[in-house]
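To find a chain, count down the sequence lines: A is the first, B the second, and so on, and within it residues start at 1. Computed from a prediction, not measured in an experiment: that's the story for all the values here. Computed from heavy atoms alone, side chains included, the values below leave out hydrogens, waters and symmetry copies.
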Protein chains: 2
Amino acid sequence: MGTLSSPTEAVDLSHHINKRSKARHPSPLKDIIKFMNQDGMISLAGGSGAGNGELVALARRLTDRLHAPTYRYDCLLHPGNTNAWAKVVGLLCEEDDNIIVDEYVYPSAQALWIPMGIKAVPVDADAEGMQADKLEKMLATWDDGGRRGKRPHVVYIVPVGSNPTGLSISKRRRQALYEVCVKYDMIIVEDDPYYCLQYPPYNPKAADATVDSTAAPLPTDEFVASLIPSFLSMDRQGRVIRLESFSKTLFPALRLGYFIANPVFIERLLRASEVETQDPSGLSQLFVLQLLRQWTIDGYIGWLQTLQSQYRQRRDWLLGAIAENFELMETDTGSSTSASKEYRACIRGSDGDVKPVFSFVDPTAGMFLWTKFDLRAVSRFSELSDKQDISDPEQTFADELWKAWCSELILVTPGSYYHPWQGPEFTATAARGAEAATCDFRLSFATPTKEQIELGQYVGFTLTL
Amino acid sequence: MGTLSSPTEAVDLSHHINKRSKARHPSPLKDIIKFMNQDGMISLAGGSGAGNGELVALARRLTDRLHAPTYRYDCLLHPGNTNAWAKVVGLLCEEDDNIIVDEYVYPSAQALWIPMGIKAVPVDADAEGMQADKLEKMLATWDDGGRRGKRPHVVYIVPVGSNPTGLSISKRRRQALYEVCVKYDMIIVEDDPYYCLQYPPYNPKAADATVDSTAAPLPTDEFVASLIPSFLSMDRQGRVIRLESFSKTLFPALRLGYFIANPVFIERLLRASEVETQDPSGLSQLFVLQLLRQWTIDGYIGWLQTLQSQYRQRRDWLLGAIAENFELMETDTGSSTSASKEYRACIRGSDGDVKPVFSFVDPTAGMFLWTKFDLRAVSRFSELSDKQDISDPEQTFADELWKAWCSELILVTPGSYYHPWQGPEFTATAARGAEAATCDFRLSFATPTKEQIELGQYVGFTLTL
Ligand SMILES: Cc1ncc(COP(=O)(O)O)c(C=O)c1O
Ligand SMILES: Cc1ncc(COP(=O)(O)O)c(C=O)c1O
């Protein structure tokens, strides 16, 4: 035995693989590929399309550096997390399954599964992310095959700088969630394109300061230590499927990323890739390969740090602009260790009273700010609530507000785009069990300029009053 | 009314769309995209991923030049015909469907559908391709929902330089097939990556001559007139879905191509693309866009003609090498108009008798030669046939021969890879209804050099004797 601990084997999780995926046969061409590379072979058999081996090896090195998985994993290239998620659903889910998700879900992910009759089962989050005790209760009390159908066996999660909520799950919350998943034999699909875009919390006192994005990057180990550990890094059984994408760290049009998962899952995903997509674009592979060769892994991680500080700067602009127009009050979340603070943005009325307008959790990663509007003191909302013929005044008000912003040339994304699909009877605010007299909007600070952000804030939010 | 005939609308074929595909909702983000491009809009809503409009417009121009469809069609980019076919199955097929195919099928296409419980229904071909009367008889006598299950409603076809048979369907055969498809309400999926690689028949007298690949290309109209008209060009109802790929005309690693189909199908395919793949790689799009801009459509068609002559040259090398080692006898196909000739490759035994070794149809497109071996005079095959414990002597012999070639460093593709999957009870030669005492191999002349082809022919085929 060596002094370094050798990786353990994943436990057998093949019972999670669905019927269709189990029925896939290896492409017959596989037999022939062995022979193709034989020395001196005259091939009249045609070409083959295996992915770039060096790029896969680099993906493994990056994985070891960032996540140091403790079990024997494999990597497989894919053409972006959109396709990766489609393949994972193709691997694990049957029609009419239920999938555990956050309170709000990335729309393309669920647009994929809704036509399969699959429903979302949302679990409430706080500022530390999905609540492990709520997940456990949900699973413990699930009446398998009863009214709600099959017990879920898959958790879909965007654990860092979530799209749309901007939330990042804290380390201790992850540990608790992982143990629940072990106990209830769940597969965790970690769709994590924003992982390397983690940055420090908003500091009102230093908000005006320009983030120095030319500062020398931290040494890789220090940088890695500053990141919340991924679910993958905690996984001792091979029950995490991690989806990595270069979309947010290089550019989306690359359509390139990779799966990290146990070898049994990866083998089935490879079978699906052979018949559904083949390899990602060779030009995209070549671009990333050349870049990683030239930059080295450490150089790439340095680049991620530059990106980090740019997103941090943009977050600061946005929160700074909010602080200009509102009084920011920190909410007591009751959690001393949570890194992410929750704020209420308030105005002082002519009567001197402080009225909350909206609340948000400071995003410490990614590019999104999730705003929850408090409609209790909004007269137009009261008006709508009093009307007999309006069944969902929260949604009606949200639509009106969104349109009003649009006509002022301010575009944000309606929160309703992210409501988990639980079936047609659960779409209205009350039926979803959402908080009464609230509505949500997602703000992206990825692209607008500082001036646009400031103007947007001002014109946009004063409209709410 | 103008003097130019304006395109007609496709007939309503939406009843072909399967349940899952009908259930897809447009991405909610679509609503927002309208607003994104508004002048002066400050977007806090994030990015969008629409394909390159100029490239789609070029794809349409190329389509008009090559196929001049008579109904109002749409184009949609996709990441290669592998994925395009997966999306078409996702659009049209239910579990346990039956799909009409050629006698031999491209393996990845059926590896996709086998796990869905879908079976192939092969229709015999002659040198002009799939036989329309056989297709008609099959459909007319199908007992819908009976022993064989649902009546097929989809024809999957590789109509030019087919993979694996190298066959191209003649014009009059296409017309006959199309009418059968109209009569029986079939959708034709035309997977046609080799369409522009059509070339003249093999001319034994000029076989030694080097094809002049530097000759000036024909004017586009003349070139187009020299091509067999596509199913798309004959389609008056919108029942052809044409899959175009740049894999064979530029390079496979581009992972880029486009669908041509009626607008109703294209809209559903777009919905699937949004959640399954998003756009093809932007680098690949950019590469093809820049190339088409610089070359123009006519220049690209000129390039295709250069490719044509290169494949023709390679076909000539291969058939020339066969002619060196065998006596080539033309088979009378009974068809005077068929462009593709059928040959038997024979040897003269020590007794002076002429023995047929294998037969093939001269490929007049693409990169494959399909060889059917005649085992009647092969002593090893007789030996195997006499053994009680060998249930499929044809397959056993084919396996032995393939391995013998491999150990001589000659690699060809076993015909068994292309057998249509009709269920586990129909895999043996007799059960498939295949001709007794025959076995097939596919030879690709896409990559080997002239010397390799000659050596391969010599060493390889003398082994059969
Ligand atoms: C959570 C999440 N998953 C997946 C994607 C899409 O990733 P890709 O571009 O790699 O397909 C995004 C991008 O918006 C995202 O936010
Ligand atoms: C008939 C056929 N369809 C599809 C493909 C794959 O095409 P693409 O590279 O565009 O996925 C091939 C390539 O071998 C083929 O021969």
Side-chain angles (χ1 to χ4, degrees), chain A residues 20-21 23-25 27-29 32 35-36 38 40-47 49 79-80 82-83 86 107-108 111-112 114-116 251-256 274-284 287 367 406 409-413 417 442-448 452-453 455-456, chain B residues 20-21 23-25 27-29 32 35-36 38 40-47 49 79-80 82-83 86 107-108 111-112 114-116 251-256 274-285 287 367 406 409-413 417 443-448 452-453 455-456:
Chain A
R20 188 179 288 184
S21 191
R24 286 189 203 287
H25 289 282
S27 157
L29 297 170
I32 228 171
F35 290 96
M36 263 178 197
Q38 208 168 311
M41 182 63 89
I42 295 180
S43 174
L44 300 170
T82 303
N83 181 256
S108 303
L112 176 93
I114 293 170
M116 302 171 70
F251 55 96
L254 273 177
R255 313 313 308 140
L256 186 63
E274 285 164 356
V275 295
E276 286 177 8
T277 55
Q278 299 203 18
D279 274 9
S281 160
L283 292 181
S284 298
F287 178 92
M367 46 187 81
C406 278
L409 296 180
I410 308 295
L411 196 59
V412 302
T413 318
Y417 289 11
R442 191 197 76 169
L443 278 61
S444 162
F445 44 89
T447 49
Q452 287 179 321
I453 286 178
L455 190 66
Chain B
R20 188 179 290 184
S21 191
R24 285 190 204 287
H25 288 282
S27 158
L29 297 171
I32 228 170
F35 290 96
M36 263 181 197
Q38 208 168 311
M41 182 64 88
I42 294 180
S43 174
L44 300 169
T82 303
N83 181 257
S108 303
L112 176 93
I114 293 170
M116 301 171 70
F251 54 96
L254 272 178
R255 310 314 308 138
L256 186 62
E274 285 164 355
V275 296
E276 287 177 7
T277 55
Q278 299 202 17
D279 272 9
S281 160
L283 292 180
S284 298
Q285 289 189 54
F287 178 92
M367 44 187 82
C406 278
L409 297 181
I410 309 295
L411 195 61
V412 302
T413 317
Y417 289 11
L443 278 60
S444 162
F445 45 89
T447 50
Q452 286 179 323
I453 285 179
L455 190 67

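- Between A:S281 and B:S281 the shortest heavy-atom distance is CB-CB, 3.3 Å.
- Counting heavy-atom pairs closer than 4.5 Å to chain B, the top residue among A:A253, A:P115, A:G282 is A:P115.
- Taking chain B as the reference chain and counting heavy-atom pairs below 4.5 Å, the highest number among A:M367, A:R255, A:R24 is found for A:R255.
- In the model, A:S108 has no side-chain atom that pairs as donor or acceptor with a side-chain atom of A:T82 under 3.5 Å.
- Annotation: the span from B:N83 atom CG to B:E276 atom CD amounts to 7.5 Å, rounded to 0.5 Å.
- We find the CG-CZ distance between B:L283 and A:F287 to be 6.5 Å, quoted to the nearest 0.5 Å.
- Options B:L256, B:I114, B:T277 differ in how many heavy-atom pairs under 4.5 Å they form with chain A, and the most are formed by B:T277.
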